[in-house]
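The structure appears below as structure tokens.
Below, all heavy atoms of this structure are taken into account, side chains as well, without hydrogens, waters or symmetry copies. Proteins come first, then strands; the chains are lettered A, B, ... in the order of their sequence lines, and each starts at number 1.
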There are 2 protein chains.
Amino acid sequence: MKMGQGVEWALHSCVNMSWTPVGEAVSSARLAAFYKLPAAYLNKQLQALVRAGILASVSGPRGGFQLARRPDQISVLDVVLAIEGKDDSFRCEGILKDAPGGAMDVDYARTCLISQTMRHAEVTWRTELSRQTIAGIATSIERRFPDAKEATVRELVGARGQNQPRLA
Amino acid sequence: MKMGQGVEWALHSCVNMSWTPVGEAVSSARLAAFYKLPAAYLNKQLQALVRAGILASVSGPRGGFQLARRPDQISVLDVVLAIEGKDDSFRCEGILKDAPGGAMDVDYARTCLISQTMRHAEVTWRTELSRQTIAGIATSIERRFPDAKEATVRELVGARGQNQPRLA
DNA sequence: GCCGCACTACTCGGATATTTGTTGTCCGAGTCTCTTCGG
DNA sequence: CCGAAGAGACTCGGACAACAAATATCCGAGTAGTGCGGC
């Protein structure tokens, strides 16, 4: 019952990308440097978002990732499911099949009341997450921390022309 | 984001124990045989419920487990937290601490809006599970499958005198 | 000066190790029951 | 016949091993920019 670290990274990355100019991609290396994260692993997580249709990727110089659709069309649930997989966290293994009186041809995930209870709770959880969008979170942050957006954009795209790492 | 198998086993076991006569313990071996589960591993899960104060254990012959309090005082959430641990599934690792402009002495689990969103969704999930009790599920099953309780009790405690035939 | 071409640098993407957590197994400490022996 | 002591068997409890998944890393395929040579 432990959610992968990639969810947190992916959500922050999506919010940041909702601030960068549309059409300009942000490389995973730059995002990773922003948060001091392992670059290759963050890249792996963003790949999952691409497979889910949340991000679009561009190869080569000036390449990277960008949102595949408008931020208000990306829910938090979309991101969570892209990283963690679409399966329910509670998996009913059909424990009743092997119990006395159990039948093989019954879908206990539907009839078992315990399974129903867990599923119902999970539906409320998902509904809650599906109500929140990347755009909503971004505007809330802008309202609460007015400097965050500008500072983030400056750090992510403003450093575009820094090809001189030879500062020694 | 995958819940342990022990949660399902523990919930079924608790419902079954709510049907057995109070004062009589049910051994993990018997419960495991009922569901065709690995006995030692089920025992391990029930130990976690004992540590959480949900079950009480009795050693020796005629020993086993029994509910430590009334079934209507045991919520589904209690069982889930006992098995999976009390921590939130979404762990905010304070990603913003290492970001530009981040401060070490800020509790980002509180201020970070992404963390707040995830936490809020999880609270609704927990609230939903805390509303359901073992007794509630048990009575629902009794209403829906009138034979279940009797069959379960017969299988779990009725086979008590199997080594010594004291059949009436 | 302008165009075309090869070269380089940079990116994603997937294949590959390493660490952590879940699943499963085993044996020991404790205790209740049954048997047996003495009163 | 009755009671108590001892052997036996059954239980939980935690320590140990096997397996799967999350975490972290590395290298190859492809592409856009760049510099150079020719026109």
Within residues 90-100 of chain B, the residues having a heavy atom closer than 4.0 Å to DNA chain D are Arg91(B)

Those residues at least two apart in sequence (or on a different chain) that pass ring-ring contact (aromatic ring centres under 6.0 Å, His included) with Phe34(B) are none

Atom OH of Tyr41(B) and atom P of dG21(C) are separated, to the nearest Å, by 14 Å

From NZ of Lys2(A) across to P of dA20(D) the rounded distance in Å is 18 Å

**OP:** For the pair Asp88(A) and Arg126(A), find out whether any cationic side-chain nitrogen is under 4.0 Å from an anionic carboxylate oxygen.
**Re:** yes

Whole-Å distance, Leu37(B) CG to dG24(C) C1', equals 12 Å

Using the rule that two of Ile, Leu, Val, Met, Phe, Trp, Tyr join whenever any of their side-chain heavy atoms come within less than 4.5 Å, decide whether Val15(A) and Phe145(A) are in one cluster. yes

Is any NZ, NE, NH1 or NH2 atom of the basic residue among Lys97(A) and Asp105(A) found under 4.0 Å from an Asp or Glu carboxylate oxygen of the other? no

**Message:** Would a single hydrophobic cluster contain both Val106(A) and Ile141(B), if residues Ile, Leu, Val, Met, Phe, Trp and Tyr are joined by side-chain heavy-atom contacts under 4.5 Å?
**Reply:** yes

### Query
Is Arg69(A) atom CZ crowded by more than 12 heavy atoms from other residues, nucleotides or ligands, each under 6.0 Å away?
yes

Whole-Å distance, Arg30(A) CZ to dC10(C) P, equals 11 Å

Per-nt protein contacts along nucleotides 12-19 of chain D (heavy atom under 4.0 Å; B base, S backbone sugar-phosphate only, - none) come out as BBBB----

Exceeds 12 heavy-atom contacts within 6.0 angstrom, atom CD of Glu142(B): yes

Whole-Å distance, Glu8(B) CD to dT23(C) P, equals 11 Å

In whole angstroms, the gap separating C1' of dT11(C) from CG of Leu42(A) amounts to 14 Å

Glu84(A) CD to dA21(D) P, in whole Å, measures 13 Å

Nearest heavy-atom approach of Glu93(B) to Glu8(A) is N-OE1, 3.2 Å

Testing dA24(D), dT31(C), dG24(C) for proximity to the side chain of Pro38(B), the answer is dG24(C)

Rounded to whole Å, CE of Met3(B) lies from C1' of dA21(D) at a distance of 17 Å

The reported gap from SG in Cys14(B) to CG in Leu55(B) (rounded to nearest 0.5 angstrom) is 5.0 Å

